[in-house]
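Chain naming here is simple, since letters A, B, ... match the order of the sequence lines and numbering starts at 1 in each. Worth knowing before you read on, the calculation uses all heavy atoms, side chains too, and leaves out hydrogens, waters and symmetry mates. In this text, all values refer to a predicted model and were calculated from it rather than measured experimentally.
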Protein chains: 2
Amino acid sequence: MLLHSGSLRKGNKTMNTNFEHYRIFYYVAKYGNLTKAATVLHTSQPSVTRTIHNLEKNLNCRLFERSKVGMKLTPEGEVFYEYIAAGCAQFFKAESNLSDMLSLENGTIYVSATETALHCYLFQAMESFNEQYPNVHFKILNNSTRKSINIVKEGNVDFAVVSAPFQIEKPLQQKVLRKYHDILIGGKRFEKLKGQKFLSSNLPNILGSV
Amino acid sequence: MLLHSGSLRKGNKTMNTNFEHYRIFYYVAKYGNLTKAATVLHTSQPSVTRTIHNLEKNLNCRLFERSKVGMKLTPEGEVFYEYIAAGCAQFFKAESNLSDMLSLENGTIYVSATETALHCYLFQAMESFNEQYPNVHFKILNNSTRKSINIVKEGNVDFAVVSAPFQIEKPLQQKVLRKYHDILIGGKRFEKLKGQKFLSSNLPNILGSV
DNA sequence: ATGAATTACGATTAGCGTAAAGATC
DNA sequence: GATCTTTACGCTAATCGTAATTCAT
């Protein structure tokens, strides 16, 4: 039979851990490059290299192999990185999650919308949204489809709800909310057109000929 | 249709995040008590309370409700804590894992063992272990089962491998490695005992009567 | 009066940035 | 010479600990 008292004697040395160092380590390992990591971290290379050295000293373990081309993880560093990366991911999620919660607790959302979109969709959508998030306010700008797209592109609104067909460029994204069709309503003079089919582009000619 | 340029305007403010603060937060949230957290963190209450205040300021969000009885998480803090706790767990795993790896790369394991355990199990186990971890050395102490248990309790060896029945106390753990039974070998004088069954406790009497 | 958080203050130290130095292609 | 990492050095800012304060049981 085997019996033991808990942890092996070597493991007793308590680690002088600073989680902030793990964040630095994460980026260095991720990019394999001090310079790049420093840029992303908005700090200087010397600062990063010192932190890594301190970390290695505290952990009592070489984490990187240095070379001309950059920083390569040692086998131990590799394993360590797996866990650190997972931890960082959780922290990032914590941050973005909190950020989302806060932005929904108060603040203003800027929207550009066509009149059609406003009446057919947006009013109703805002109403139900505000039931859940009563402290979020909307700033509505009534614009044409074309104008709406432009001010989204300029960053002056958070998004736009439009009703006419359009084409968007690279960074923008679109989502179809619903399809609709126009209904032509006319007086007796147009009665004979009832039931006929024609292209909407031809509409002016047809109406003119009546 | 809805189109947007990426992120909402409120989210642009970059968080001034310091992972070390999350570690502090974790313990405060876990214990709901600054004093306790400070003790565990080997620091002072003022230090902890300041860190939490800084964190809340940086996140722009109240994480705790303070009261006479301690620190209670706000709803936002609650959600935040879930993620932070998960992240911390990963970091802790990273640390303990690395620590294990390092202790297996070099070092000495102290073992107490009975002679039986040594020959029947330990020699062979050490041999195959050292194939994988050639730089780990063993220090073997040959002791009785009783003595072995005592020096495990005293922390003078990492574990013991024993062969006689025993009882262990609170902090110690045991694991059965294999079962075995003794075989009695006697001369012609004991031939008539062959095939008979009797309790080993009664052995002295039986042997004496032959 | 005990046990909690907070504030104040002085001291320490850990971290930062600039600049320079190695190292390697 | 270009592109890395590392060292040196002076400084700033973040953190710390002690002690005092506040508040509620």
> Is it true that B/F25 and B/H21 have ring centroids separated by less than 6.0 Å?
no
> Could you tell me how far apart B/N54 (CG) and C/dT6 (P) are, to the nearest whole angstrom?
12 Å
> Between A/K93 and B/Y83, is NZ or CZ placed under 6.0 angstrom from the six-membered ring centre and within 45° of the ring axis?
no
> Would you mind reading off the distance between A/L41 atom CG and C/dG15 atom P, rounded to a whole angstrom?
14 Å
> Looking for any heavy atom pair under 4.0 Å, which part of the strands does A/S47 touch: base, sugar-phosphate only, or nothing?
sugar-phosphate
> Any side-chain N or O of A/T49 below 4.0 angstrom from OP1/OP2 of D/dT5?
no
> Report yes if a side-chain nitrogen or oxygen of A/R66 is closer than 4.0 Å to either non-bridging phosphate oxygen (OP1 or OP2) of D/dT6; otherwise report no.
yes
> As a test of reading the structure: which of C/dG15, D/dA19, C/dA5 is closest to the side chain of B/M71, going by heavy atoms?
C/dA5
> Between B/H21 and D/dA14, does any side-chain N or O lie under 4.0 Å from OP1 or OP2?
no
> Any chance you could measure A/E127, atom CD, to A/N130, atom CG, to the nearest 0.5 Å?
8.5 Å
> Measure the distance from NZ on B/K57 to P on D/dA13 and round it to the nearest whole Å.
14 Å
> May I ask you to check whether B/E20 and B/N18 show a side-chain donor-acceptor distance below 3.5 Å?
no
> Does B/T43 place a side-chain N or O at less than 4.0 Å from the phosphate oxygens OP1/OP2 of D/dG17?
yes
> May I ask you to say what B/T35 touches in the nucleic acid, namely base, sugar-phosphate or nothing, with a heavy-atom cut-off under 4.0 Å?
sugar-phosphate
> Rounded to the nearest Å, what distance is computed from the CD atom of residue B/E20 to the P atom of nucleotide D/dA14?
15 Å
> Atom CD of A/Q45 and atom C1' of C/dA21: how far apart are they, to the nearest Å?
14 Å
> NZ of B/K68 versus P of C/dG3: gap in Å, rounded?
17 Å
> By nearest heavy atom, map B/G70 and B/R50 onto DNA chain C; which one lands nearer the 5' end?
B/G70
> Atom NE2 of A/H53 to atom P of C/dG15: distance rounded to whole Å?
14 Å
> Is there a side-chain polar atom (N or O) of A/S44 under 4.0 Å from OP1 or OP2 of C/dC16?
no
> A/N18 side chain N/O closer than 4.0 Å to the phosphate oxygens (OP1, OP2) of C/dA14?
no
> Regarding B/T114 and B/S163, do their side chains bring together a donor and an acceptor under 3.5 Å, going by distance alone?
yes
> When the distance from CD1 of B/I24 to C1' of D/dA14 is rounded to whole Å, what number comes out?
13 Å
